[in-house]
Enquirer: 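Here it is, the structure, as structure tokens.
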Protein chains: 2
Amino acid sequence: MDRRVKKSRQALFDAFTKLMVEHPFQKLSIAMVTKEADVNRGTFYLHFKDKFELREQCIDMHLTQLMTSCAGGIKEEFTSKKAMLTTFDYLNDNAAFYKVMLTGEDNTFFRKRMEEILKVGLSDFIESKTIKDPIDKEIMIQATISAGAGLIEWWLTTKTDLEPSYLVERFWGIINVER
Amino acid sequence: MDRRVKKSRQALFDAFTKLMVEHPFQKLSIAMVTKEADVNRGTFYLHFKDKFELREQCIDMHLTQLMTSCAGGIKEEFTSKKAMLTTFDYLNDNAAFYKVMLTGEDNTFFRKRMEEILKVGLSDFIESKTIKDPIDKEIMIQATISAGAGLIEWWLTTKTDLEPSYLVERFWGIINVER
DNA sequence: TTAGATATGTTGCTTAATGAACATTTTAAA
DNA sequence: TTTAAAATGTTCATTAAGCAACATATCTAA
């Protein structure tokens, strides 16, 4: 993709992410976003139809990054835990945005997409476990997803300033209990 | 100035500033800089003749910012001290770069420009003091410049991780002794 | 309700930046 | 010293982004 396209889109995503933390979505204007992004207003329309499309694509961008940070380290050995830490670090860095997206009014789209992503990320992890029975494996996956999603949501919304590493340590312990 | 020009130039300045901390100037290639800046190599030549010109303009950019941070707060009341803190904060943020530029081989241009800038910044400050005799005033200016330059150089090159606010406090005390 | 301001889409034209190619020149290693 | 790799400086056609202007549309306060 052309460098310029990447930069413009990224600038708009960054601006949207920042502004969403400070203002309700409904109050955001395209002019506001383009000003923050330091791009011409016309440039916006080269990439998005309206602010709803921007939001959708911005969410997708975030969740794709989240997924990448999950799957990214899998190749290396003993990195599942490390990959998980990377993920939690990413979440932590964008905590304000995720919190808004999780607790805001129009959060259905976000929650659904987030669970899909989580499923992909955690399934890979579960695969590595040698659970023979397919039903048992599915149960394990579902339980882990729910646990992960719930933990993340609790963490981001209550925001007790818990260190990502601490969270990972506990979560790791929970999902790796010998059964 | 066209937005695109500003961004390209800034990207190249940032890249150069970053790379100068890690490599000697002589080892820097234009290809390296443009890659770090994430701009097309051809774009470089739209703005600079060679890497020497980039260095020169990059230094000027930094020192102009330094000067601005000196003069910036003067308008408000009681802000000379605040302006000074802003300046020291800026220096601190770019400590690595300034250190290189101060201690590197080709530092003559940098040192000369830096003293010019300092003189402008500190002269304004000295003006506010009611020293009648022009000779005495000039003495005060020269002494203050030398003290400031020396202090900054010592601070940046030895880098004992001293807080900018601490430095400002001391320097403020030194140049404001009742005489 | 109305008037003034602000936001929205869209346009035409201009320009900076892009990627790819090319012939040199420089650098570094065999 | 020779040779391959990397860096340079330049060209070209293409395209994204820029700016300004415009007519609507929406919001907000008098």
Side-chain angles (χ1 to χ4, degrees), chain A residues 1-62 64-65 97 100 104-106 109, chain B residues 1-61 64-65 97 100-101 104-106 109:
Chain A
M1 193 194 288
D2 191 305
R3 238 171 198 137
R4 290 169 292 182
V5 176
K6 251 187 293 182
K7 288 181 193 172
S8 293
R9 291 174 60 86
Q10 192 60 50
L12 287 165
F13 286 153
D14 288 347
F16 179 80
T17 302
K18 175 164 182 241
L19 291 176
M20 271 302 286
V21 175
E22 301 158 5
H23 311 274
F25 175 73
Q26 182 240 327
K27 289 274 180 186
L28 288 192
S29 72
I30 291 168
M32 216 184 284
V33 176
T34 53
K35 186 177 177 183
E36 174 70 35
D38 192 24
V39 297
N40 191 280
R41 193 163 57 82
T43 304
F44 177 91
Y45 297 101
L46 296 177
H47 301 283
F48 312 101
K49 193 168 74 65
D50 49 36
K51 67 176 182 172
F52 297 94
E53 194 174 300
L54 170 62
R55 177 173 65 177
E56 196 166 316
Q57 293 196 28
C58 187
I59 288 173
D60 261 5
M61 180 274 288
H62 271 285
T64 299
Q65 277 206 245
F97 176 74
V100 170
E105 299 169 26
D106 320 302
F109 173 73
Chain B
M1 195 194 289
D2 192 303
R3 241 176 198 133
R4 291 169 289 180
V5 175
K6 251 187 294 182
K7 288 181 192 170
S8 293
R9 290 174 60 85
Q10 192 58 51
L12 288 165
F13 286 153
D14 289 346
F16 178 80
T17 302
K18 177 165 179 240
L19 291 176
M20 271 302 286
V21 175
E22 301 157 5
H23 312 274
F25 175 73
Q26 182 238 331
K27 288 274 181 189
L28 288 192
S29 72
I30 290 168
M32 214 185 285
V33 176
T34 54
K35 186 178 178 184
E36 173 69 35
D38 191 24
V39 298
N40 191 279
R41 194 164 57 83
T43 304
F44 177 91
Y45 296 101
L46 295 177
H47 301 283
F48 312 102
K49 192 169 76 65
D50 49 34
K51 68 176 182 173
F52 298 94
E53 193 174 302
L54 170 61
R55 177 175 64 176
E56 194 167 317
Q57 292 196 27
C58 187
I59 289 172
D60 261 4
M61 181 274 288
T64 300
Q65 276 205 245
F97 175 74
V100 170
M101 298 313 285
E105 300 169 24
D106 319 299
F109 173 73

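Every value quoted in this text rests on a predicted model; they were computed, and no experiment measured them. Naming: A, B, ... by sequence-line order, numbering from 1 per chain.
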Enquirer: Output the rounded distance in Å from CE (A:Met1) to P (C:dG19).
Expert: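 Roughly 12 Å, once rounded to whole Å.
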
Enquirer: Determine the minimum heavy-atom distance between B:Phe44 and B:Leu54, stating which atoms define it.
Expert: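 Smallest heavy-atom distance, with atoms named: CE1-CD2, 3.8 Å.
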
Enquirer: Ignoring hydrogens, what is the shortest heavy-atom contact between B:Ala37 and B:Ala11? Give both atom names and the distance.
Expert: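 Looks like CB-O, 3.4 Å.
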
Enquirer: Which one, C:dA16, C:dA17, C:dG19, comes nearest to the side chain of B:His47?
Expert: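 Closest nucleotide among those given: C:dA17.
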
Enquirer: Side chains of residues 27-34 of chain B: which donor-acceptor partners sit under 3.5 Å, not counting sequence neighbours?
Expert:
residue : atom : partner : partner atom : Å
B:Ser29 : OG   : B:Met32 : N            : 3.0
B:Thr34 : OG1  : B:Ile30 : O            : 3.1
B:Thr34 : OG1  : B:Ala31 : O            : 3.0

Enquirer: Does A:Phe25 have A:Arg55 sitting over its ring (NZ/CZ under 6.0 Å from centre, angle to axis within 45°)?
Expert: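 Yes; both conditions hold, so A:Arg55 lies above the ring face of A:Phe25.
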
Enquirer: Suppose we screen for ring pair (Phe, Tyr, Trp, His ring centres under 6.0 Å). Which residues come up paired with B:Phe13, at least two apart in sequence or across chains?
Expert: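 Applying ring pair (Phe, Tyr, Trp, His ring centres under 6.0 Å) to B:Phe13 gives B:Phe48.
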
Enquirer: Not counting sequence neighbours, which residues clear side chain to side chain contact (heavy atoms under 4.5 Å, CB included) with A:Lys7? List them please.
Expert: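 With sequence neighbours excluded, A:Lys7 shows a side chain to side chain contact (heavy atoms under 4.5 Å, CB included) to A:Arg3, B:Asp38, B:Val39, given in chain and number order.
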
Enquirer: Kindly write out the residues that satisfy salt bridge (charged side-chain N to carboxylate O under 4.0 Å, His left out) with B:Asp60, not counting sequence neighbours, or none if the list is empty.
Expert: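 B:Asp60 satisfies salt bridge (charged side-chain N to carboxylate O under 4.0 Å, His left out) with B:Arg113 once adjacent residues are dropped.
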
Enquirer: Rounded at 0.5 Å granularity, tell me how far NE2 in A:His62 sits from CZ in A:Phe97.
Expert: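 Taking NE2 in A:His62 and CZ in A:Phe97, the distance rounds to 4.0 Å.
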
Enquirer: Give me the residues of residues 32-45 of chain B where at least one heavy atom lies under 4.0 Å from an atom of DNA chain C, by number, or none.
Expert: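 DNA chain C contact set from residues 32-45 of chain B: B:Val39, B:Asn40, B:Arg41, B:Thr43.
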
Enquirer: Just jot down the salt bridge (charged side-chain N to carboxylate O under 4.0 Å, His left out) partners of B:Arg9, sequence neighbours excluded, or say none.
Expert: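 Checked B:Arg9 against salt bridge (charged side-chain N to carboxylate O under 4.0 Å, His left out); zero matches.
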
Enquirer: Using five base pairs at each end to define the local axes, how bent is the helix from C:dT1-D:dA30 to C:dA30-D:dT1, to the nearest 10°?
Expert: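 Result, rounded to 10 degrees: 60°.
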
Enquirer: Scan residues 7-31 of chain B against DNA chain C and write down, sorted by residue number, each residue with any heavy atom closer than 4.0 Å; if none is found, say none.
Expert: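 Hits under 4.0 Å, by residue number: B:Ser8, B:Lys27.
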
Enquirer: Going 5' to 3' along DNA chain D, which are the first and last nucleotides with any atom under 4.0 Å from a heavy atom of chain A?
Expert: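 Taking any atom under 4.0 Å from a heavy atom of chain A, the span is D:dT15 to D:dA21.
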
Enquirer: Quick one: side chain to side chain contact (heavy atoms under 4.5 Å, CB included) partners of A:Arg4, sequence neighbours excluded?
Expert: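 Listed in chain order: A:Asp2.
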
Enquirer: Apply the test side-chain contact (heavy atoms from CB on, under 4.5 Å) to residues A:Arg41 and A:Lys35: give CA-CA distance (whole Å), side-chain angles for both, the deciding distance (0.1 Å), then the verdict.
Expert: CA-CA 8 Å; A:Arg41 193 163 57 82; A:Lys35 186 177 177 183; over 6 Å; no

Enquirer: Classify B:Arg4 by what it touches in the nucleic acid, base, sugar-phosphate, or nothing, heavy-atom distance under 4.0 Å.
Expert: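 If one applies the 4.0 Å heavy-atom cut-off, B:Arg4 turns out to touch a base.
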
Enquirer: Grab the CG-P distance between B:Asp2 and C:dT18 for me, whole Å please.
Expert: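 In whole Å, C:dT18 P lies 13 Å from B:Asp2 CG.
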
Enquirer: Under the rule for side chain to side chain contact (heavy atoms under 4.5 Å, CB included), what residues qualify as partners of A:Lys18, not counting sequence neighbours?
Expert: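 Listed in chain order: A:Glu22, A:Glu36.
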
Enquirer: Taking side chain to side chain donor-acceptor pair (under 3.5 Å) as the cut-off, I'd like each qualifying pair that reaches into residues 43-52 of chain B, sequence neighbours left out, listed once.
Expert: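 Non-adjacent pairs meeting side chain to side chain donor-acceptor pair (under 3.5 Å): zero.
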
